[in-house]
Novice: 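Take a look at the following structure, please.
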Amino acid sequence: MMNRRYWMTLGMLLMVVAFVVAFSLISVSMWEGKKVEAETLIELQYNQEMSLKEFADANKLPDKVVMRVFHLKNPKQLEQSLKNFPVTKEELLKEVNETYAIYAESLSKNWMKIGLKFILWFLFLSFMYYLIRKDKVSAKNRKWVYLISLVVFGVILGSDPSPMGTVKDAVTMYAIHYVLFIPRFVALLVFLLMVVVFNKFICAWGCQLGALQDFIFRLNRNKKDTKGLIRQYKIPFAVSNGIRIGFFILFTVIAFAWTFDIVEYIDPFKIFYPQVVSIVGWIFIGLILVASVFVYRPWCHFFCPFGLVGWLFERFSFVKIKVNYSKCIDCDACSKACPSTVMNTILKQDKVIPDCFSCATCINVCPTDAITFAGGKREKVPVGKFQKENN
């Protein structure tokens, strides 16, 4: 029986991956932006007798980049001579590299798709808030909700933008080019606002990779969505978060010390952009997806830069999972059904509370309706409430 479950789960996993990859290949061609390599220039072809246009051509720079460097409003102004602009060669090299990096980044974006994606995120997450508040997210429909999310925000709308990318790309772009891409910074602020208002809702229901991992995890659950058909494991938060912090430090140090983005080569979000995935990338993505059968959201808990930053902001969330201790009968059903260790810490009000992905499993299984997704501070645990457990 157990071997049969293994093979059935593996078969479903392969079908999900095949579906995601096949249809992502189609959708990417519809949304793909222009590719511009923002290579850092080491030396400039520079002569003060050059016109700005000749300077642009000699250094293979787009006219728009040169116009931004010299703050020109009209292409005709490119006929001016370099000697009209008092700037040292070193200052000019720095300005060109920074401007070119921002130009290339902006040109690679499909702004219509990004705008559409944010609009749909707001609509979808508002709808999910309504469903959870009304206790309408159940074991029967939870998988369907995750499937809709991963299809819409991943397969159809692609790997970018994503919550993870706002942190990862901001770090690497500053480390390599010493610039901040303002639209990405704005997106990061919007995502963090979502975390603060509704407890990590963007990660919970809007993140395409998070939804994919959660969907795979739920494939290996019983009909009540309370435990795995094949054994699932709850990794202690001290372990998972320790690894995540270590990975973030390693990623940041390498980016600044060697101008190298280690996440770029293993980025699991690229399953929604399969054309650019390397062999190493496919191996890592495969490991993450297989691990998702047994461990809840392994990328989010062990590696995700935004997962770490979001967890820091999560403690300020206004709307979150709360326990009414006057109704709680200490049956531990919520902690057992929770896919991670977070519900046990919420229930006992531990000092360190792990990531909560607001999946509402705890709400579903509570026999006394003591758990809600609501605003305000959590109640303090009544003295002696869980005394029998501690004795």
Side-chain angles (χ1 to χ4, degrees), residues 161-176 180 184-185 187-189 191-196 199-204 206-210 212-214 217 232-270 280-281 283-285 287-292 294-317 320-321 338-346 348-359:
S162 70
M164 189 275 288
T166 58
V167 176
K168 191 271 287 186
D169 291 340
V171 171
T172 54
M173 191 168 186
Y174 189 80
I176 297 171
L180 293 175
R184 179 177 292 118
F185 186 69
L188 174 59
L189 292 179
F191 288 140
L192 291 177
L193 181 63
M194 293 181 186
V195 172
V196 172
N199 194 92
K200 220 164 189 179
F201 236 45
I202 182 63
C203 297
C207 174
Q208 53 270 53
L209 182 67
L212 176 59
Q213 291 174 94
D214 221 315
F217 183 84
Q232 294 176 318
Y233 301 87
K234 298 183 181 183
I235 308 300
F237 185 63
V239 174
S240 63
N241 207 41
I243 294 173
R244 186 167 59 179
I245 292 171
F247 182 76
F248 185 82
I249 292 173
L250 177 66
F251 150 68
T252 304
V253 168
I254 290 176
F256 277 91
W258 293 283
T259 63
F260 184 74
D261 182 358
I262 60 172
V263 177
E264 185 70 16
Y265 294 90
I266 60 171
D267 185 356
F269 282 83
K270 287 184 177 179
V280 173
I283 293 173
F284 186 80
I285 291 172
L287 291 174
I288 288 293
L289 297 184
V290 171
S292 297
F294 308 99
V295 177
Y296 189 58
R297 292 183 176 237
W299 170 261
C300 307
H301 282 110
F302 288 93
F303 301 104
C304 184
F306 184 84
L308 177 61
V309 176
W311 170 70
L312 296 174
F313 279 81
E314 193 178 340
R315 65 190 63 195
F316 306 110
S317 294
K320 51 187 170 289
I321 293 294
C338 178
S340 71
T341 61
V342 65
M343 192 56 214
N344 187 62
T345 62
I346 292 175
K348 310 301 191 303
Q349 288 296 289
D350 291 347
K351 290 183 179 180
V352 178
I353 296 179
D355 306 65
C356 175
F357 291 94
S358 305
C359 67

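Since we're looking at a predicted model, the values are computed, not measured.
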Novice: Taking atom CZ of Phe313 as the centre, does the number of heavy atoms from other residues, nucleotides or ligands within less than 6.0 Å exceed 12?
Specialist: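 Not buried by this count: 12 neighbours or fewer within 6.0 Å.
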
Novice: Mind running side chain to side chain contact (heavy atoms under 4.5 Å, CB included) on His301 and Asn241 for me, showing each step along the way?
Specialist: CA-CA 7 Å; His301 282 110; Asn241 207 41; over 6 Å; no

Novice: Grab the two heavy atoms, one from Cys300 and one from Gln213, that are nearest each other, plus how far apart they are.
Specialist: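 Between these two residues, the closest heavy atoms are SG-NE2, 3.3 Å.
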
Novice: Would you name the heavy atoms of Gly310 and Val195 that are closest together and state the gap between them?
Specialist: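 Looking at all heavy atoms of both residues, the shortest contact is O-CG1, 3.5 Å.
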
Novice: For Thr259 and Ala255, indicate whether the former's side chain and the latter's backbone hold a donor-acceptor pair under 3.5 Å.
Specialist: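 Checked: no pair found.
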
Novice: I'd like to know whether CZ of Phe256 has more than 12 heavy-atom contacts from other residues, nucleotides or ligands below 6.0 angstrom.
Specialist: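 Counting neighbours around CZ of Phe256, more than 12 heavy atoms of other residues, nucleotides or ligands fall under 6.0 Å, so yes.
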
Novice: For a quick test of reading the model, state the closest non-hydrogen atom pair linking Ile235 to Thr341 and the distance between them.
Specialist: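 Closest approach of Ile235 to Thr341, heavy atoms only: O-CG2, 3.9 Å.
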
Novice: Do side-chain atoms of Ser358 reach the backbone of Asn199 as a donor and acceptor pair under 3.5 angstrom?
Specialist: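 Judged by distance alone, yes, a pair lies under 3.5 Å.
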
Novice: Measure across Cys203 and Phe357 and return the closest heavy-atom pair with its distance rounded to 0.1 Å.
Specialist: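 Closest approach of Cys203 to Phe357: CB-CE2, 3.9 Å.
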
Novice: Looking at Asp355 and Arg297, is any side-chain nitrogen of the basic one under 4.0 Å from a carboxylate oxygen of the acidic one?
Specialist: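 Looking at Arg297 and Asp355, the cut-off is not met.
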
Novice: I need the minimum non-hydrogen distance between Cys356 and Ile321, along with the two atoms involved.
Specialist: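 It is SG-CG1, 4.0 Å.
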
Novice: Using the rule given for side chain to side chain contact (heavy atoms under 4.5 Å, CB included), can you reason through Val352 versus Thr345, listing the C-alpha separation, both sets of side-chain angles and the distance that settles it, and then say yes or no?
Specialist: CA-CA 8 Å; Val352 178; Thr345 62; over 6 Å; no

Novice: If you count every heavy atom of other residues, nucleotides or ligands that lies below 6.0 Å from Phe247 atom CZ, does the total exceed 12?
Specialist: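 Yes, the 6.0 Å shell around CZ holds more than 12 heavy atoms from other groups.
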
Novice: Are the charged groups of Lys320 and Glu314 less than 4.0 angstrom apart, N to O?
Specialist: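 No, no charged N to carboxylate O under 4.0 Å.
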
Novice: Pair Phe248, Phe306 - check ring-ring contact (aromatic ring centres under 6.0 Å, His included), show working.
Specialist: CA-CA 10 Å; Phe248 185 82; Phe306 184 84; over 10 Å; no

Novice: For Phe237 together with Trp311, are the ring centres under 6.0 Å from each other?
Specialist: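 Ring centres of Phe237 and Trp311 closer than 6.0 Å.
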
Novice: Please confirm whether Tyr296 and Phe217 have ring centers closer than 6.0 angstrom.
Specialist: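 Aromatic pair counts; centres sit under 6.0 Å.
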
Novice: Is atom CZ of Phe185 surrounded by more than 12 heavy atoms (other residues, nucleotides or ligands) closer than 6.0 Å?
Specialist: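 No - once you tally the heavy atoms of other residues, nucleotides and ligands closer than 6.0 Å, there are 12 at most.
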
Novice: Show your reasoning for whether side chain to side chain contact (heavy atoms under 4.5 Å, CB included) applies to Met164 and Cys304.
Specialist: CA-CA 6 Å; Met164 189 275 288; Cys304 184; 3.7 Å; yes

Novice: Grab the two heavy atoms, one from Pro305 and one from Val167, that are nearest each other, plus how far apart they are.
Specialist: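 So the two residues come closest at CB-CG1, 3.7 Å.
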
Novice: Could you tell me whether the side chain of Lys270 and the main chain of Glu264 form a donor-acceptor pair under 3.5 Å?
Specialist: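 Confirmed, Lys270 side chain pairs with Glu264 backbone.
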
